[in-house]
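Working notes, structure below.
Worth saying up front: this structure is predicted, and the values here are computed from it rather than measured. All residue numbers refer to positions in the sequence shown, counting from 1.
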Amino acid sequence: MQISNLDWFTPQFIYILLSAVVAVLIWIEGEMLKKTDGKLPQSKFFQISSLIDTSWFFISVVLLYVIDFKPLAVAVPAAYGIYTVFGWVYGTRLLKRKGIPDSPKDLVIPVKYIAYSQSFAIIFFGLCLLVLTSPWLPLTQ
């Protein structure tokens, strides 16, 4: 299958490329949380990164309806949506076990939640790479 010069550079491609970047940010956030034993790092990078990956849920939901995703590519926004919703539920359940703190400064992200996020980041990054390279792979669409 031959692809001409810029036929591959579509809104779908840009979204999935940026999704791969979000996956990397999720991984880095997890590493930062591990270094602080689950306490929220006092880092501008961490704050911006967290804002980006939280916003990415809403962006993904909107783009799921705006962009005409190919069948394999629709898995990217769908997976991110599922991860986020289940993450909110799972994180809340984990925090309720220890008691929800009164202040964000007292918040400690459970190790299990960090593992959940980083596991997703690895799989999500791989999914993004698969979708990005699929036009050049001998896959049936």
Side-chain angles (χ1 to χ4, degrees), residues 1 3-141:
M1 173 180 196
I3 299 177
S4 65
N5 293 344
L6 291 176
D7 287 347
W8 55 269
F9 197 70
T10 63
Q12 174 182 292
F13 180 87
I14 294 165
Y15 167 78
I16 294 171
L17 181 65
L18 292 174
S19 290
V21 172
V22 169
V24 172
L25 291 176
I26 293 169
W27 176 265
I28 293 170
E29 288 171 29
E31 289 301 307
M32 292 175 79
L33 285 166
K34 286 178 185 177
K35 289 180 182 176
T36 59
D37 295 322
K39 290 238 178 215
L40 298 178
Q42 299 302 310
S43 156
K44 204 63 152 169
F45 175 81
F46 184 84
Q47 292 170 353
I48 292 170
S49 177
S50 294
L51 180 63
I52 290 169
D53 68 36
T54 301
S55 300
W56 204 246
F57 167 73
F58 300 103
I59 292 167
S60 295
V61 169
V62 169
L63 292 182
L64 190 55
Y65 294 99
V66 173
I67 295 176
D68 186 25
F69 286 101
K70 292 183 180 174
L72 179 61
V74 79
V76 175
Y80 199 80
I82 292 167
Y83 155 74
T84 303
V85 171
F86 277 93
W88 288 338
V89 172
Y90 183 52
T92 302
R93 291 188 72 209
L94 288 173
L95 287 174
K96 280 186 178 179
R97 288 183 186 165
K98 290 186 175 183
I100 298 176
D102 296 328
S103 165
K105 290 181 181 182
D106 299 329
L107 179 67
V108 175
I109 306 299
V111 174
K112 287 182 177 184
Y113 185 81
I114 297 169
Y116 166 76
S117 293
Q118 287 192 307
S119 298
F120 171 77
I122 292 169
I123 300 300
F124 189 63
F125 185 78
L127 174 62
C128 291
L129 290 182
L130 173 66
V131 173
L132 287 173
T133 59
S134 65
W136 295 279
L137 296 175
L139 302 173
T140 57
Q141 295 271 341

key: Close aromatic pair by centroid cut-off 6.0 Å: Tyr90 and Tyr116   =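 Here the rings of Tyr116 and Tyr90 have centres that are less than 6.0 Å from each other.
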Are [X] and [Y] side-chain neighbours, meaning at least one heavy-atom pair lies under 4.5 Å?
X: Leu107; Y: Leu95; answer: yes
X: Trp56; Y: Leu18; answer: yes
X: Phe45; Y: Ile28; answer: yes
X: Leu17; Y: Leu132; answer: yes

Which heavy atom of [X] sits nearest to which heavy atom of [Y], and what is that distance?
X: Leu33; Y: Pro41; value: CD2-CD, 3.7 Å
X: Pro77; Y: Val74; value: CD-O, 3.3 Å
X: Ser50; Y: Glu29; value: N-OE2, 3.3 Å
X: Leu127; Y: Ala79; value: CD2-CB, 4.1 Å
X: Ile114; Y: Gly38; value: CD1-CA, 4.4 Å
X: Leu63; Y: Phe69; value: O-CE1, 3.2 Å

ask   = Among Phe125, Tyr83, Phe86, which residue meets the side chain to side chain contact (heavy atoms under 4.5 Å, CB included) test with Phe120?
value =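 Single side chain to side chain contact (heavy atoms under 4.5 Å, CB included) partner of Phe120 among Phe125, Tyr83, Phe86: Tyr83.
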Set of residues satisfying ring pair (Phe, Tyr, Trp, His ring centres under 6.0 Å) with respect to Phe46, sequence neighbours excluded =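 Checked Phe46 against ring pair (Phe, Tyr, Trp, His ring centres under 6.0 Å); zero matches.
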inquiry  = To the nearest 0.5 Å, what is the distance between OG on Ser19 and CD1 on Ile59?
reply    =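 Between Ser19 OG and Ile59 CD1, I get 9.0 Å after rounding to 0.5 Å.
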ask   = Is the Phe57 ring parallel, tilted or perpendicular to the Trp88 ring (thresholds 30°, 60°)?
value =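 Plane angle over 60°, so perpendicular.
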key: Check: Lys70 main-chain N/O paired with Gln12 side-chain donor or acceptor under 3.5 Å   =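 Side chain of Gln12 to backbone of Lys70, a donor-acceptor pair under 3.5 Å: yes, one is there.
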query = Between Tyr80 and Asp53, is there a donor-acceptor pair closer than 3.5 Å when you use the side chain of the first and the backbone of the second?
reply =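 Present.
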